[in-house]
Protein chains: 2
Amino acid sequence: MNIGEIARRAGVSRSTVSYALSGKRPVSDETRRKIQDVIDELGYRPNASARALANGRTSTIGLVFPPAGNHYTGMQLDFIGSVVEAAAAHDYDVLLSPSGVDSDRSFQRLLGERRVDGAILMEIRLKDDRVDHLAELDFPAVAIGRTAHPESGWWVGLDHTALAAACVHHLADLGHRRVAFVNRPEQLLRAGYESAHRGLEGFTKAAAERGLTVRTYCCGDDAASGQACLERILHDDPATTGLVTLNEAALGGLYRGLAQAGRHVPRDFSVTGVVAGRWAETVTPQLTAADVPAEEMGRRAVDLLIERLDHPGAPPRHHLLAPPISLRASTGPAGGTPSA
Amino acid sequence: MNIGEIARRAGVSRSTVSYALSGKRPVSDETRRKIQDVIDELGYRPNASARALANGRTSTIGLVFPPAGNHYTGMQLDFIGSVVEAAAAHDYDVLLSPSGVDSDRSFQRLLGERRVDGAILMEIRLKDDRVDHLAELDFPAVAIGRTAHPESGWWVGLDHTALAAACVHHLADLGHRRVAFVNRPEQLLRAGYESAHRGLEGFTKAAAERGLTVRTYCCGDDAASGQACLERILHDDPATTGLVTLNEAALGGLYRGLAQAGRHVPRDFSVTGVVAGRWAETVTPQLTAADVPAEEMGRRAVDLLIERLDHPGAPPRHHLLAPPISLRASTGPAGGTPSA
DNA sequence: GATGGTTGTCGAACCGGTTCGCGTGAAGTG
DNA sequence: CACTTCACGCGAACCGGTTCGACAACCATC
């Protein structure tokens with residue numbers, strides 16, 4: 001069931017079989033047919049490892065997975081799904097690499113052992129060792145997210161600054177004056193996660209421009225933390241009438257906290273933020289939010305990577321996306337009927 | 001940066017380097033040290049393709065991903081995460097394979113081209129070609145889910161029949177007499193998805209035992225479908241006071257439908273079902289449900305697969321799990337205060 | 001009729017590891 | 001001291017593909 005066996009049965013040499021399959025040199029119709037018959041009969045498929053060894057390409061891309069053990073968000077699922085799908089369309093497989101506990105080790109596996117032709121990185125930090133390291137090696141990689149110095153890199157990113165600002169303006173336009181910001185967990189902020197930083201920055205600036213009174217919070221990536229966070233918000237400033245969040249996983253908990261505090265959304269309290277569209281629609285009332293186009297981002301990341309693989313030395317490219325806010329049902333004018 | 005280069009610089013033969021690394025034959029401390037020094041200096045790592053070609057193992061397992069293009073559920077994300085993590089603990093990588101549009105093709109890629117040593121299958125059907133095919137080839141695979149004839153296979157499954165029945169008994173014990181069942185989408189049911197079938201079966205049987213009046217529904221995997229489904233339920237039988245669902249993705253929509261119909265959960269209407277624990281906690285009120293131990297299942301699937309890889313010819317093993325119902329806040333006695 | 005360009009095929013080398021058989025020198029044994 | 005045993009290292013073959021150079025056969029040209 002290897003190429004030699006096929007060659008023997010077809011009565012030709014191994015190289016001829018190879019050329020018949022790749023088309024890189026002419027092969028007569030008759031031999032091609034003979035070879036194809038044998039292949040069909042035996043169900044032969046060339047061994048991927050051997051092929052990878054010979055031509056130096058694995059036809060596999062690595063997807064560097066966010067730290068495991070923690071909670072995954074729906075957005076990440078959407079990224080993974082779309083990356084796998086887009087890669088399949090280009091005849092690439094996707095190898096998942098947990099950048100968890102021992103990220104160096106799995107990085108070494110991917111790159112050092114040449115398991116993949118290129119990589120897609122998720123959960124980028126403003127100062128990201130992985131990105132720097134790959135750039136230094138000139139290893140084909142595309143980031144979903146951008147570092148503090150994105151000019152020279154390959155990435156597809158979300159303009160979190162603008163999106164968070166848009167959320168603030170949306171609330172300000174509705175008359176809200178006291179607004180809270182619910183960020184990703186503190187450890188991620190401290191680690192320099194770009195969405196957490198840029199989102200916070202955009203929120204803070206825009207709030208200052210509009211003269212809002214704000215408080216900012218970090219919140220764990222789960223419902224219980226969201227609920228606790230909301231309790232703190234209302235405890236710290238009961239006059240708060242709106243919040244902006246980047247924390248998809250905490251959303252359900254934030255809603256629960258509001259319900260338990262007797263604040264009706266959107267009459268008493270407005271909620272908005274940056275969330276993957278599909279998940280914004282699972283809560284009631286549906287979330288008015290800047291919908292993260294996770295599928296598009298995954299697809300574009302793959303397209304960029306393929307382009308980079310096909311044209312080594314091409315100048316860096318990137319896409320910065322800033323989807324508009326989708327108006328749904330979770331925001332309304334300030335000063336509805338105050339409860340309690 | 002290949003093994004020959006290391007050998008030259010260390011002044012030994014290639015085979016000696018190989019033995020120094022693998023430990024399969026004795027190597028003197030001195031040469032081992034010399035070799036190690038060179039390796040450390042150059043940051044050498046053996047090429048994975050070459051190694052795979054030589055010893056016939058790729059150290060990679062394939063995870064056959066659910067049909068793409070559709071919506072993914074949170075449960076699937078949990079499976080993926082835990083599989084990746086567990087595989088990493090055994091020094092295996094995970095290759096994602098979309099079993100989407102052209103499932104034969106990606107199957108051929110995985111198996112025919114020998115990209116993986118074994119596979120884990122998700123979204124099993126009662127009569128599943130993939131499972132049969134792999135069993136026929138004696139290819140090391142483990143299913144997350146079980147077919148109609150699971151005796152001879154390797155799998156880790158959930159006792160959907162028992163879980164759905166437990167949900168029914170829970171509602172019946174609370175006095176509910178008219179109950180609906182919200183299943184996965186109709187196309188999945190027709191395709192023979194085991195959770196949809198066994199869940200329906202368990203629900204129907206238990207309801208008959210308890211003499212309940214029931215209706216069963218299929219529902220798309222998204223919030224909008226959930227909402228529509230709930231409207232249909234109340235339209236078909238306004239006296240319905242409870243539902244059991246297997247459809248995690250529709251949950252948010254079901255809740256919204258209830259809210260819009262003015263039915264308070266759990267006072268007027270009880271909701272329960274089979275859902276991954278983390279997602280049961282994102283809705284308000286939190287869902288009383290049989291928590292799908294997705295992480296445990298993923299981990300166990302990997303452990304079984306590794307065992308099968310390490311001991312070819314070992315007799316089939318499997319795990320059937322039936323987690324208890326976690327009492328949360330979405331169910332209550334029938335005949336609270338009827339609204340409207 | 002010598003010259004030149006295609007077309008189709010083959011053998012050999014190569015990709016970067018692993019593994020087997022053999023040779024050598026040193027240590028252990030009676 | 002001859003004889004086994006063992007530790008250690010080397011060279012060669014192999015895994016299953018791809019690719020290069022060579023060559024033969026065929027056709028067209030001047």
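Basis for what follows: all heavy atoms, side chains included, without hydrogens, waters or symmetry-related copies. Below, read A as the first sequence line, B as the second, and so on, with proteins coming before strands; counting in each chain starts at 1.
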Would you mind telling me which of dT18(C), dG9(D), dG16(C) lies closest to the side-chain atoms of L53(A)? dG16(C)
Could you tell me how far apart R45(B) (CZ) and dG16(C) (C1') are, to the nearest whole angstrom? 15 Å
How close or far is atom P of dG16(D) from atom CZ of R114(B), stated in whole angstroms? 8 Å
Would you say E113(A)'s side chain and R45(B)'s backbone share a donor-acceptor pair under 3.5 angstrom? no
Could you tell me the separation between the CG atom of L21(B) and the C1' atom of dG16(C), rounded to a whole number of Å? 13 Å
Please say which of V84(A), L96(A), V116(A) ends up in a side-chain contact (heavy atoms from CB on, under 4.5 Å) with L63(A). L96(A)
Among residues 30-42 of chain B, which contact DNA chain D at a heavy-atom distance under 4.0 Å? T31(B)
State whether the side chain of D117(A) and the backbone N or O of I61(A) hold a donor-acceptor pair below 3.5 Å, judged by distance alone. no
Please give me every residue in residues 6-16 of chain B whose heavy atoms get under 4.0 Å of an atom in DNA chain D, ordered by residue number. G11(B), V12(B), S13(B), R14(B), S15(B), T16(B)
For atom CE of M1(B) and atom C1' of dG17(C), their distance in whole Å: 16 Å
Quantified as the angle between the terminal helix axes (five pairs each), what is the overall bend of the helix from dG1(C)-dC30(D) to dG30(C)-dC1(D) to 10 degrees? 50°
Which whole-number value in Å describes the distance from D29(B) CG to dG9(D) C1'? 15 Å
Where the side chain of N47(A) is concerned, which of dG17(D), dG9(D), dG16(C) is the nearest nucleotide? dG17(D)
Using a 3.5 Å distance criterion without hydrogens, assess whether the side chain of R114(B) forms a donor-acceptor pair with backbone atoms of N47(A). no
How close or far is atom P of dG16(D) from atom CD of E5(A), stated in whole angstroms? 11 Å
Name the closest nucleotide to the R25(B) side chain, picking from dG17(C), dG21(C), dT19(D). dG21(C)
Between atom NZ in K24(B) and atom P in dT18(C), what is the gap in whole Å? 8 Å
Using a 4.0 Å heavy-atom cut-off, does P26(A) contact any base of the nucleic acid, only the sugar-phosphate backbone, or nothing at all? base
Using the side-chain heavy atoms of N55(B), tell me which of these nucleotides is nearest: dT18(D), dT18(C), dG17(C). dT18(C)
Mind checking whether H318(A) and R146(A) have side chains closer than 4.5 Å, heavy atoms only? no
Classify the nucleic acid contact of S18(B) as base, sugar-phosphate or nothing, counting any heavy atom under 4.0 Å across all strands shown. base
Taking the nucleotide of DNA chain D with the nearest heavy atom to each, does V17(A) or Y19(B) sit closer to the 5' end? Y19(B)
Value in whole Å for how far the C1' atom of dG11(D) lies from CD1 of I3(B): 14 Å
State whether the side chain of R109(A) and the backbone N or O of S97(A) hold a donor-acceptor pair below 3.5 Å, judged by distance alone. no
Main-chain N/O of P150(B) paired to W155(B) side chain as donor or acceptor, under 3.5 Å: yes
